[in-house]
Amino acid sequence: MPRALDRFHEQRLDWKSCVLGPDDEVGRGLDEAGARCADVTVPLDYARPAGRTVEIAISRLPASDPEHRIGTMVLNGGGPGPAIDLPPYLREVMGEAGRRFDLVGMDPRSLGRSAPVDCGWPASTWIRSAGESRASFRASAAFARDLAGRCARTNGDLIPHVSTRNIARDMDVVRAALGERKISYNGASYGTYLGAVYAAMFPGRLDRTVLDSAVDPRTWGPGLMREAEGANEKALADWAAWAARRDAEFGLGTTRAEVLAGVRGIVEASGREPLRVGRYRLDDTVVPVVLFNYLDDDSDPARTVLAGTVRVLRAAADGRPAEPTPELEEGLRFLLTGVESGYGSGQSAIVCGDGPAVRGVGRYWRDVQEHRAAAPTFGPLAYGVNPCAFWPVRPAEPPTRIGGELPALIVAATGDTRTVYAGGEYLHGALRGSRMITLDANVHAPYQRGYGNACTHDRVGEYLLTGRLPARDVRCAPEKRTAS
């Protein structure tokens, strides 16, 4: 197989402007930052490298301190989602370290500019709650079945070849085409799984490796939302206590219990009749997703956005006129229209391609019921049906066994609502030689999002500059913050 890939490894890249058209803001931002873009040719099916090929889009922002250049660093921001836009942003986040690497963004196959999968969905995401009733559960299952069916009809030639294992293979072709023996890697959320899979499949080819908000490889795949319900219920309760202390500003209640009761009332009202918010209708399969989307950051500005959202939803639940805030308008447009159908379609192709899903809906209903009492708002979201239950193809390969020697630096927040803290602990134990930074905060991807914790940021930066991991695991205390 290695010889069969020689023509891909030895290809010459045609570096060009990143702009694809007059409305391409991502490409224009990359060009203005000094980046260039290229398409890397890879096999569609690595088992048949002489067959059909596809193009993987990359961007490269050369080191701005070339005299002290360390090497090439590939970036992934999670999702799964496109990553070609990341180099200018992460150069700023990384500070001095960012100036000393060539930063490479790579859109994973099925997303963005890399063999995109767009199934013509009426929504931009597959995420829905099972809702408050059996009828709502059936509606969520029908929604998931429809999304999977659209992908079967429109992208049946591509989706059998979409998986993290193939994305890792693409990444190794990119490494070789760039002329690098080793690459450094900076991945967040899903990107931590991609990095771990790459390390397992191509041992010895990673240099400095940061895994920010680590995915638990045991749960990644169709059940990726499972086990996050407790962290989200706790984050909602913490936000409710925060809002109660500011009742004069938000009017949502003077105690945590009162605020939480108001939120539950909104969810229950949406189960009786969809809430009218501007041009949108939100039922109980959607309202919990709206809340979930605002629980990954405990800064005051982020919590203020959630408070504004809840005020709008409460007005709608009470039958009063309700217009979305700008932030809510953006979120509802994503949830309830196909404006970014390609994002949700390509993401599902990866998730469903990475592991087997339970088929049929009976098991999902039982799981929802089992977790409803302990997690009334987010249990039905975490254990509901997604398109993988109806996906037209089964995964072509078993999940990658994660483990072995990888001296990576893992960053994990104790209150992470997306990739829960226990997942970071597991990955740390599985990767021999790794070190872990624990941040006591409710935030997802604290390093890549520029959360503002100096303890975390400085230790990651020191590692990237020197290549030396901390002598032992590190615990970082929260800091008073006013920026999201």
Side-chain angles (χ1 to χ4, degrees), residues 74-81 83 106 108-111 127 162-172 183 185-206 209-231 296 347-358 382-383 386 388 391 394-414 416-438 444-448 473:
V74 174
L75 311 172
N76 185 280
M106 181 186 99
R109 65 165 62 194
S110 80
L111 289 161
I127 300 175
V162 177
S163 69
T164 297
R165 287 180 63 83
N166 277 338
I167 294 167
R169 293 179 176 113
D170 296 341
M171 196 163 89
D172 200 57
I183 52 174
Y185 183 76
N186 186 336
S189 195
Y190 164 75
T192 68
Y193 182 68
L194 173 59
V197 169
Y198 181 82
M201 294 178 66
F202 301 98
R205 295 184 188 175
L206 285 181
T209 303
V210 175
L211 304 177
D212 183 13
S213 287
V215 166
D216 187 333
R218 298 169 298 177
T219 57
W220 173 259
L224 80 165
M225 302 285 289
R226 291 171 174 244
E227 301 183 10
E229 72 278 10
D296 64 345
Q347 184 182 85
S348 283
I350 297 171
V351 171
C352 300
D354 274 352
V358 173
Y383 291 88
N386 65 45
C388 301
W391 207 242
R394 304 291 180 115
E397 300 178 89
T400 305
R401 184 173 180 178
I402 302 299
E405 187 78 20
L406 182 63
L409 185 57
I410 298 169
V411 180
T414 54
D416 195 332
T417 57
R418 302 295 186 267
T419 56
V420 297
Y421 181 69
E425 290 183 305
Y426 176 83
L427 189 63
H428 178 31
L431 299 179
R432 295 193 304 274
S434 65
R435 292 287 184 270
M436 183 166 167
I437 298 174
T438 293
H444 182 58
Y447 179 72
Q448 280 204 9
D473 292 343

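One is the number of the first residue; the rest follow in order along the sequence.
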Enquirer: Which heavy atom of Ile410 sits nearest to which heavy atom of Ala214, and what is that distance?
Expert: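 Ile410 and Ala214 have their closest heavy atoms at CG2-CB, 4.1 Å.
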Enquirer: So which heavy atom on Met436 is nearest to which on Tyr421, and how close?
Expert: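 Smallest heavy-atom distance, with atoms named: CE-CE1, 3.4 Å.
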Enquirer: Any side-chain to backbone donor/acceptor pair from Ser434 onto His428? Under 3.5 Å, distance only.
Expert: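 Yes, Ser434 side chain to His428 backbone: donor-acceptor pair under 3.5 Å.
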Enquirer: Grab the two heavy atoms, one from Leu211 and one from Leu427, that are nearest each other, plus how far apart they are.
Expert: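 Minimum heavy-atom separation between Leu211 and Leu427: CD1-CD2, 4.0 Å.
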Enquirer: Not counting sequence neighbours, which residues clear salt bridge (charged side-chain N to carboxylate O under 4.0 Å, His left out) with Glu405? List them please.
Expert: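 Testing Glu405 for salt bridge (charged side-chain N to carboxylate O under 4.0 Å, His left out), a comparison that skips the adjacent residues, returns Arg432.
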Enquirer: Measuring from Leu409:CG to Arg435:CZ, what's the distance to the nearest 0.5 Å?
Expert: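 Answer rounded to 0.5 Å: 10.0 Å.
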Enquirer: Once side-chain hydrogen bond (donor to acceptor under 3.5 Å, both in side chains) is applied, do any residues pair with Asn386, and if so which ones, sequence neighbours excluded?
Expert: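 None.
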Enquirer: Look at the side chain of Thr419 and the backbone N and O of Ser213, then say whether any donor-acceptor pair between them is shorter than 3.5 Å.
Expert: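 Yes; judged by distance alone, with no hydrogens or angles, the pair exists.
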Enquirer: Looking only at non-hydrogen atoms, find the nearest pair between Pro395 and Pro356 and report the distance.
Expert: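 Closest approach of Pro395 to Pro356: CG-N, 3.8 Å.
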Enquirer: Let me confirm one number: the CE-CE distance from Met201 to Met171, rounded to the nearest 0.5 Å.
Expert: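 Output value for this atom pair is 10.0 Å.
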Enquirer: Under a 3.5 Å cutoff, is there a donor and acceptor pairing between the side chains of Arg226 and Thr219?
Expert: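 No, no side-chain donor-acceptor contact under 3.5 Å.
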Enquirer: Please name the pair of heavy atoms, one in Ser189 and one in Gly78, separated by the smallest distance, quoted to 0.1 Å.
Expert: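 Nearest heavy atoms, Ser189 then Gly78: CB-CA, 4.1 Å.
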Enquirer: Considering only heavy atoms from C-beta outward, does the side chain of Ile183 approach that of Tyr198 to under 4.5 Å?
Expert: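 Sidechains of Tyr198 and Ile183: in contact.
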Enquirer: Would you say Thr400 and Pro217 make side-chain contact, with heavy atoms under 4.5 Å?
Expert: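 Not in contact.
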Enquirer: Nearest 0.5 angstrom please: Asn186 CG to Thr192 OG1, how far?
Expert: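 That separation rounds to 11.0 Å.
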Enquirer: Measure the spacing between CZ of Arg418 and CG of Leu224 and express it to the nearest 0.5 Å.
Expert: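 Answer rounded to 0.5 Å: 11.0 Å.
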Enquirer: Cys388 versus Ser348: any side-chain heavy-atom pair under 4.5 Å?
Expert: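 In short, these two side chains do not touch, never coming nearer than 4.5 Å.
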Enquirer: Supply the atom-to-atom distance Asn76 CG to Tyr185 OH, rounded to the nearest 0.5 angstrom.
Expert: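 Interatomic distance, Asn76 CG to Tyr185 OH, rounded to 0.5 Å: 4.0 Å.
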Enquirer: Please find the pair of heavy atoms, one from Gln448 and one from Gly77, that lie closest to each other, and give the distance.
Expert: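 Minimum heavy-atom contact is OE1-CA, 3.4 Å.
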Enquirer: Could you tell me the separation between the OH atom of Tyr383 and the CD atom of Glu227, rounded to the nearest 0.5 Å?
Expert: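 Taking OH in Tyr383 and CD in Glu227, the distance rounds to 5.5 Å.
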Enquirer: Is the number of heavy atoms from other residues, nucleotides or ligands under 6.0 Å of Glu425 CD greater than 12?
Expert: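 Result for CD/Glu425: enclosed.
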Enquirer: Could you tell me which residues satisfy side-chain contact (heavy atoms from CB on, under 4.5 Å) with Thr164, sequence neighbours excluded, listed by chain and number?
Expert: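 Thr164 satisfies side-chain contact (heavy atoms from CB on, under 4.5 Å) with Tyr190, Tyr193, Leu194, Val197, Trp220, Ile350, Asp354 once adjacent residues are dropped.
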